[in-house]
Amino acid sequence: MLDLKKVCSNIEVVQESLKKRGQDIDISELISLSEKRRELIVKIQGARTELNRINDEIKIAVSKKDNSLLESRRSELKNFSQNIKDMEKELDKIETEISNHLMYIPNIPHFSVPLGKSSEDNQEIKRWGKKPEFSFEPKNHWDIGERLGILDFERATKIAGTRFAVLKGMGARLERALIDFMLDVHTKEHGYTEIWPPLMVNTKAMTGTGQFPKFREDAFHIEGTDYHLIPTAEVPVTNLHSDEILDSSLLPVKYVSYTPCFRAEAGAAGKDTRGLIRQHQFNKVELVKFAHPKNSYDELESLLSDACSILEKLNLHYRVVVLCTGDMGFSSAKTYDIEVWLPGQNTFREISSCSNFEDFQSRRASIKFRENPKSKPEFLHTLNGSGLAVGRTLVAVLENYQNEDGSVTIPEVLRPYMGGREIIS
RNA sequence: GGAGAGAUGGCUGAGUGGUCGAAAGCACCGGUCUUGAAAACCGGCAGGGCGCUUAGUCGCCCUCGAGAGUUCGAAUCUCUCUCUCUCCGCCA
């Protein structure tokens with residue numbers, strides 16, 4: 001959520017930034033609502049001052065037992081206070097409308113974000129490692145996995161439906177190994193604190209991080225409750241500190257959280273229907289930071305490098321792109337995507353997305369910090385990034401480490417997590 | 001699921017219709033004292049919004065879990081909701 005005051009005093013900047021995102025939102029109504037709000041508040045405050053003054057007279061009348069004065073004031077005030085209540089109802093209506101507007105306005109892109117319309121305009125800023133060379137035609141992960149008996153899509157369909165998978169034997173073990181490996185790296189080498197949160201959250205939490213109200217359709221909802229399956233650990237972990245004021249000496253707060261993620265994938269019909277790439281349920285290790293506004297972009301760079309380190313340890317070829325203004329997520333001010341090389345599909349695929357939300361989420365969820373004990377609380381900056389998407393990492397391992405005979409070599413760093421095993425065959 | 005109790009500032013906790021945005025204690029911050037620290041003493045210390053001819057050690061307004069109601073006036077009375085705790089039952 002943007003700051004109403006800032007929107008009103010920087011109308012052009014906001015309108016311009018919406019255009020950059022390819023959004024055609026007219027904010028003139030919001031501006032006039034804001035004007036109305038201010039006028040009404042001034043009126044109500046004046047009336048209340050008067051009301052409080054007359055009430056003080058009544059107190060005196062009561063203490064002096066002056067009943068005639070008391071009676072005359074009473075009838076006078078009854079209408080007066082009703083009038084105030086009516087104005088307050090009107091104000092409430094206006095404020096609801098204002099928030100309805102603000103909740104649907106995306107974040108303003110950081111000045112360093114390249115201008116563009118779609119993923120075509122994203123800019124590659126880094127490339128690490130080399131494409132692996134094969135003396136044979138590399139296969140898709142679903143072919144590799146099904147032949148090894150470690151991936152089963154058909155039976156998953158039977159018990160749930162499309163966009164689900166069953167991992168079996170060494171497949172399930174590899175998934176678990178990846179989770180464990182990632183958590184160990186981030187907690188032991190990068191200083192993140194591990195969090196195991198609820199996998200279902202309420203509407204308030206979903207609104208705090210920006211999923212709701214605009215993207216309600218993307219989440220699974222438990223009927224008859226206010227519980228929603230989390231689409232990412234970002235939601236519970238960021239909201240961990242909602243309605244809190246943190247001491248600035250604690251910043252940055254760094255959390256890592258492995259959770260399953262649930263996405264309805266509404267609007268993705270026909271996309272990535274085969275394989276593990278796009279599932280209704282997948283595992284992800286998520287990095288979340290609460291940072292001081294003055295260095296949140298440095299924190300974004302280190303978050304990105306923390307995520308990249310996992311791919312480097314696994315020796316997987318990848319590139320990093322900066323998302324352009326038109327391709328960025330709703331809440332983000334700047335996003336890097338990490339894309340891993342998938343030889344079976346002869347392409348780079350997103351495996352992590354690292355964003356700085358600045359104060360967009362912290363304003364919604366009310367997460368503040370205090371510079372020193374005497375200063376006013378300010379909104380801090382929130383960041384997060386996948387470190388990494390586990391299912392897609394498993395895909396990358398299968399496709400990059402496949403052998404001609406259909407077996408898959410286990411990357412060295414994972415072997416301790418696989419009981420010392422070197423190969424899946 | 002059944003029965004009961006409760007929700008007040010960073011924390012503990014007083015407050016049952018007006019002078020209460022709120023006692024007291026703890027924590028924290030500043031000061032006096034001290035070679036330094038502690039103790040003691042003094043002072044400060046909730047969040048949000050609006051205004052301004054003086055942008056301030058400024059003025060005003062709101063907020064005692066949330067919402068609605070009674071009343072001239074609600075932390076205090078009534079109703080609804082949410083959450084927490086205790087006991088019993090059930091259960092991974």
Side-chain angles (χ1 to χ4, degrees), chain A residues 1-9 30-99 101-103 196-208 212 221-222 224-228 236 239-251 253 260 290 359 362-380:
Chain A
M1 189 165 65
L2 300 179
D3 179 12
L4 181 61
K5 261 192 210 158
K6 272 195 195 140
V7 173
C8 291
S9 52
L30 177 65
I31 305 300
S32 78
L33 279 168
S34 167
E35 292 291 317
K36 271 196 216 159
R37 172 179 172 271
R38 277 192 16 242
E39 284 164 22
L40 201 54
I41 284 174
V42 170
K43 251 165 90 181
I44 291 172
Q45 281 187 6
R48 281 213 164 265
T49 308
E50 180 66 5
L51 182 87
N52 290 341
R53 195 186 60 75
I54 302 173
N55 256 324
D56 285 343
E57 287 182 18
I58 288 183
K59 283 181 212 168
I60 293 164
V62 168
S63 67
K64 285 184 182 163
K65 295 190 173 145
D66 184 346
N67 284 330
S68 63
L69 180 62
L70 187 63
E71 284 312 313
S72 72
R73 287 313 199 190
R74 260 188 196 161
S75 50
E76 187 186 331
L77 276 190
K78 181 136 194 159
N79 288 330
F80 199 75
S81 78
Q82 187 55 48
N83 189 17
I84 291 177
K85 278 178 188 166
D86 290 345
M87 287 196 287
E88 282 177 339
K89 257 180 204 157
E90 175 67 18
L91 179 64
D92 198 57
K93 242 176 75 187
I94 289 173
E95 292 194 324
T96 305
E97 278 182 62
I98 286 173
S99 122
H101 275 82
L102 281 175
M103 287 299 204
W196 174 250
L199 306 180
M200 291 186 264
V201 296
N202 57 30
T203 296
K204 189 180 175 229
M206 290 292 268
T207 307
F212 285 7
H221 172 230
I222 311 294
T225 70
D226 186 35
Y227 296 140
H228 308 268
N239 281 288
L240 226 44
H241 292 298
S242 66
D243 298 315
E244 287 186 21
I245 300 168
L246 306 178
D247 195 285
S248 71
S249 64
L250 299 171
L251 302 180
V253 174
F290 300 83
D359 62 4
S362 63
R363 179 170 284 107
R364 285 178 166 238
S366 188
I367 311 169
K368 301 183 177 179
F369 76 100
R370 212 190 288 273
E371 185 74 54
N372 60 64
K374 289 218 164 178
S375 48
K376 277 245 159 208
E378 295 171 59
F379 292 113
L380 47 70

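Proteins get letters first, then strands, A, B, ... in listed order; numbering begins at 1 in each.
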> Mind checking the C1' distance from B:rU78 to B:rG25? Whole angstroms is fine.
34 Å
> Between B:rA66 and B:rC60, how many Å separate the two P atoms, rounded to a whole number?
25 Å
> Name the nucleic acid region contacted by A:K43, choosing base, sugar-phosphate or nothing; use a 4.0 angstrom heavy-atom cut-off, strictly under.
nothing
> For B:rG18 versus B:rU76, give the span between their P atoms, rounded off to a whole number of Å.
12 Å
> Applying the salt bridge (charged side-chain N to carboxylate O under 4.0 Å, His left out) test to A:D243, which of A:K204, A:K368, A:R364 qualifies?
A:K204
> Ignoring hydrogens and angles, tell me if any N or O in the side chain of A:D226 forms a donor-acceptor pair with the backbone of A:T203 under 3.5 Å.
yes
> Which part of the nucleic acid, if any, lies within contact of A:K204, taking any heavy atom under 4.0 Å across all strands shown: a base, the sugar-phosphate backbone alone, or nothing?
nothing
> Using a 4.0 Å cut-off on heavy atoms, which residues in residues 89-96 of chain A reach RNA chain B? List them by number, or say none.
none
> Any base atoms under 4.0 Å from A:R37, or only sugar-phosphate, or nothing? Heavy atoms, all strands.
sugar-phosphate
> Can you tell me how far C1' in B:rU54 sits from the matching atom in B:rU8, rounded to whole Å?
38 Å
> How far does the P atom of B:rC87 sit from the matching atom of B:rC50, given to the nearest Å?
47 Å
> A:L51 and A:S81: which non-hydrogen atoms are nearest, and at how many Å?
CD1-CB, 4.0 Å
> Please determine, for B:rC60, whether a Watson-Crick or G-U wobble partner exists with both distances under 3.5 Å, and give it or none.
B:rG49
> Within the structure shown, what part of the strands sits under 4.0 Å from A:I41 by heavy-atom distance: base, sugar-phosphate, or nothing?
sugar-phosphate
> Using atom P in both nucleotides, what's the gap between B:rA68 and B:rU16 to the nearest angstrom?
26 Å
> Quantified in whole Å, what is the P atom distance between nucleotide B:rG10 and nucleotide B:rG69?
29 Å
> What distance separates A:I84 CD1 from A:L91 CG, expressed to the nearest 0.5 Å?
12.5 Å
> State the pairing partner of B:rA92; accept Watson-Crick or G-U wobble contacts with both distances under 3.5 Å, and report none otherwise.
none
> When the P atoms of B:rG17 and B:rA74 are compared, how many Å lie between them, rounded to an integer?
14 Å
> Going from NE2 on A:H241 to OG on A:S362, what distance comes out if it is rounded to the nearest 0.5 angstrom?
13.0 Å
> Quick one: look up who B:rU84 pairs with, Watson-Crick or G-U, both distances under 3.5 Å, and put none if it's unpaired.
B:rA5
> Which one is paired to B:rU12, where only Watson-Crick or G-U wobble pairs with both distances under 3.5 angstrom count?
B:rA24
> Please list, in 5' to 3' order, the outermost nucleotides of RNA chain B lying under 4.0 Å from any heavy atom of chain A.
B:rG18 to B:rG73
> With sequence neighbours left out, write down each residue that passes side chain to side chain donor-acceptor pair (under 3.5 Å) with A:H101, or none if nothing qualifies.
none
> Do A:E88 and A:R48 come within less than 4.5 Å of each other through their side chains, counting heavy atoms only?
yes
> Using atom types as modelled and distance alone, determine if a side-chain donor or acceptor of A:N372 lies under 3.5 Å from a backbone N or O of A:S375.
yes
> Within the 4.0 Å heavy-atom criterion, would you say A:N52 contacts the bases, only the backbone, or no part of the nucleic acid?
sugar-phosphate
